[in-house]
2 protein chains.
Amino acid sequence: MADPALPRRRRRRTAAAGDPARVFAALGEPARLRIVSRLCDAGPLSIARLTEGARVSRQAVTKHLHALEQAGLVQGGRAGREQIWALRPERLGDAQRYLDRISQQWDEALQRLQAFVEDDGPA
Amino acid sequence: MADPALPRRRRRRTAAAGDPARVFAALGEPARLRIVSRLCDAGPLSIARLTEGARVSRQAVTKHLHALEQAGLVQGGRAGREQIWALRPERLGDAQRYLDRISQQWDEALQRLQAFVEDDGPA
DNA sequence: TGGATACGCAACCATATGGTTGCATATTGT
DNA sequence: ACAATATGCAACCATATGGTTGCGTATCCA
């Protein structure tokens with residue numbers, strides 16, 4: 001990590017890996033999804049910087065950041081008088097893998113259906 | 001702006017592909033995520049069948065199904081006195097691709113950071 | 001036909017959620 | 001020290017959300 005603002009690993013109170021709904025819920029709010037997106041391609045940003053691009057107040061942004069933190073998607077740390085928030089891509093990976101898994105289940109279900117049709121279907 | 005001269009696009013009640021937050025919000029409710037998961041590996045199910053596995057009332061399940069429909073994740077149809085709901089995997093694919101995209105942005109940001117460190121960093 | 005099954009609709013309720021404003025605190029820089 | 005900046009905290013508010021119950025309707029089947 002190049003950013004000295006990021007504190008040491010603080011793994012508390014964040015969503016467990018086996019809680020995909022929490023991550024999806026966090027991403028399900030347009031303002032929050034935007035924050036995640038911005039952190040994704042701009043790197044760690046302060047609350048003030050994040051508020052610049054948003055249409056809501058600083059406090060609203062702060063609340064969203066806390067929600068994202070609860071979901072394990074972002075992590076914050078202080079740098080002087082600023083609080084810097086950074087993306088934490090692990091949970092995004094979790095969400096991806098979850099979608100992959102149920103998509104695969106869907107494909108398997110389709111295959112089972114095909115097998116059933118071939119077996120029992122119209123002669 | 002929609003030019004009135006252009007052929008009108010089919011207006012859908014369901015979420016547009018470019019509305020990932022809506023899909024994530026739909027998946028962000030544990031009960032709904034469970035419904036999606038069940039439809040994924042069990043195939044189309046009636047409301048009664050879906051209610052069997054749920055801890056909430058049939059009406060709650062119905063509401064969730066409507067929410068999922070709004071997000072474009074499921075589609076319902078009648079079969080006699082039953083209403084059958086089926087998964088609609090396209091939106092899941094959209095969500096997957098969205099996560100892929102921002103994950104990739106994150107990777108590119110990391111690479112930019114590395115390039116910056118190599119260029120300007122401690123000699 | 002009549003009962004059982006499957007569902008839709010509407011009203012209602014408690015809480016969660018997203019947003020705001022006001023004010024206090026800490027940090028920076030002159 | 002002082003003003004400006006960046007943030008935290010708490011109260012407050014309107015609406016959305018998830019859940020329930022009650023009741024009416026359609027369909028299946030004996």
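FYI, side chains are in, hydrogens and waters are out, and symmetry mates aren't considered; it's all heavy atoms of this structure. Chain A is the first sequence line, chain B the second, and so forth, proteins listed ahead of strands; every chain is numbered from 1.
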J.: Select one nucleotide: of C:dG8, D:dT7, C:dC7, the one nearest the side-chain heavy atoms of B:Q59.
T.: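 Closest nucleotide among those given: C:dG8.
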
J.: What about B:R55: does its side chain form a donor-acceptor pair under 3.5 Å with the base of D:dG19?
T.: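 No pair found.
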
J.: Just checking A:A48: base, sugar-phosphate only, or nothing, at a heavy-atom cut-off of under 4.0 Å?
T.: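 Sugar-phosphate contact only - A:A48 comes under 4.0 Å of backbone atoms but never of a base.
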
J.: Strictly distance-based, threshold 3.5 Å: is any side-chain N or O of B:R78 a donor or acceptor partner for the main-chain N or O of B:R81?
T.: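 Yes, B:R78 side chain to B:R81 backbone: donor-acceptor pair under 3.5 Å.
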
J.: Expressed in angstrom and rounded to an integer, what is the separation of B:E52 atom CD from C:dC7 atom P?
T.: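 My rounded result for the distance is 10 Å.
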
J.: Are A:E69 and A:H66 packed together at the side-chain level, in the sense that at least one heavy-atom pair is separated by less than 4.5 angstrom?
T.: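 Yes; the side chains approach each other to less than 4.5 Å.
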
J.: Between the protein and nucleotides 25-30 of chain C, which nitrogen or oxygen pairs come in under 3.5 angstrom?
T.:
unit_1 : atom_1 : unit_2 : atom_2 : d
C:dT27 : O2     : A:R81  : NH1    : 3.2

J.: Going by heavy atoms in the side chains, are B:R58 and B:T51 under 4.5 Å from each other?
T.: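 In short, these two side chains touch, coming nearer than 4.5 Å.
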
J.: Please report, rounded to the nearest Å, how far the C1' atom of D:dT17 is from the CG atom of B:L27.
T.: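 Taking CG of B:L27 and C1' of D:dT17, I get 17 Å after rounding.
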
J.: Roughly how many Å is it from CG in B:L65 to P in D:dG19, rounded to a whole number?
T.: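 Taking atom P of D:dG19 as the reference, CG of B:L65 is at 12 Å.
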
J.: Could you check whether any side-chain heavy atom of B:D19 comes within less than 4.5 Å of a side-chain heavy atom of B:V23, counting everything from C-beta outward?
T.: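 No, their side chains stay 4.5 Å or more apart.
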
J.: Whether B:S46 contacts C:dA6 is assessed here as follows: a side-chain N or O lying under 4.0 Å from the phosphate OP1 or OP2. Is that the case?
T.: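 For C:dA6, OP1/OP2 do not have a side-chain N/O of B:S46 under 4.0 Å.
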
J.: Looking only at heavy atoms, what is the nearest atom pair of A:A79 and A:I84, with distance?
T.: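 A:A79 and A:I84 have their closest heavy atoms at CB-CG1, 3.9 Å.
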
J.: Expressed in angstrom and rounded to an integer, what is the separation of B:Q83 atom CD from D:dT25 atom P?
T.: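 To the nearest whole Å, that distance equals 19 Å.
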
J.: I need the CZ-P distance between A:R34 and C:dG19, as an integer number of Å.
T.: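 Atom-to-atom, A:R34 to C:dG19, this comes out as 13 Å.
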
J.: Thinking salt bridges, do A:R91 and A:D94 make one under a 4.0 Å N-O criterion?
T.: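 Counted as a salt bridge, because a side-chain N and a carboxylate O are separated by less than 4.0 Å.
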
J.: Any heavy-atom pair between the side chains of B:S46 and B:Q83 that's under 4.5 Å?
T.: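 With C-beta onward as the side chain, the pair stays apart.
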
J.: Could you list the donor-acceptor pairs under 3.5 angstrom formed by side chains in residues 31-45 of chain B, with sequence neighbours left out?
T.:
unit_1 : atom_1 : unit_2 : atom_2 : d
B:R32  : NE     : B:A26  : O      : 2.9
B:R32  : NH1    : B:H64  : ND1    : 3.3
B:R32  : NH2    : B:A25  : O      : 3.4
B:R34  : NH1    : B:G53  : O      : 2.6
B:R38  : NH1    : B:L50  : O      : 3.0
B:R38  : NH2    : B:R49  : O      : 3.3

J.: Indicate yes or no: at least one non-hydrogen side-chain atom of A:L27 is less than 4.5 angstrom from one of B:L99.
T.: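 A:L27 reaches B:L99 side chain to side chain.
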
J.: Closest approach to the side chain of A:I47, judged atom by atom: which nucleotide of D:dG19, D:dG8, C:dC7 is it?
T.: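 Closest of the options to the side chain of A:I47: D:dG8.
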
J.: To the nearest Å, how far apart are B:F24 CZ and C:dT17 P?
T.: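 Those two atoms, CZ and P, are 19 Å apart.
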
J.: A:R58 CZ to D:dA10 P: how many Å, rounded?
T.: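 These atoms are roughly 14 Å apart.
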
J.: Can you check the B:H64 NE2 to D:dA16 P distance for me, whole Å?
T.: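 After rounding, the gap between these two atoms is 18 Å.
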
J.: A:H66 side chain N/O closer than 4.0 Å to the phosphate oxygens (OP1, OP2) of D:dG8?
T.: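 No, A:H66 has no side-chain N/O under 4.0 Å of OP1/OP2 on D:dG8.
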
J.: May I ask you to say what A:R32 touches in the nucleic acid, namely base, sugar-phosphate or nothing, with a heavy-atom cut-off under 4.0 Å?
T.: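 The residue A:R32 makes sugar-phosphate contact but no base contact.
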
J.: Enter the distance from A:L73:CG to A:W85:CH2 here, rounded to the nearest 0.5 Å.
T.: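 Those atoms lie 11.5 Å apart.
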
J.: Looking at every strand, decide which applies to A:E29 at a 4.0 Å heavy-atom threshold: base, sugar-phosphate, or nothing.
T.: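 Since only primed, P, OP1 and OP2 atoms lie under 4.0 Å of A:E29, the category is sugar-phosphate.
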
J.: Bend across the helix from C:dT1-D:dA30 to C:dT30-D:dA1, to 10°, with axes taken over 5 pairs at each end?
T.: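 End-to-end axis angle for the helix from C:dT1-D:dA30 to C:dT30-D:dA1: 30°, rounded to 10°.
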
J.: Taking the side chain of A:V56 as its heavy atoms from C-beta onward, which of C:dT20, C:dG8, D:dG18 lies nearest to it?
T.: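 The listed nucleotide nearest to A:V56's side chain is C:dT20.
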
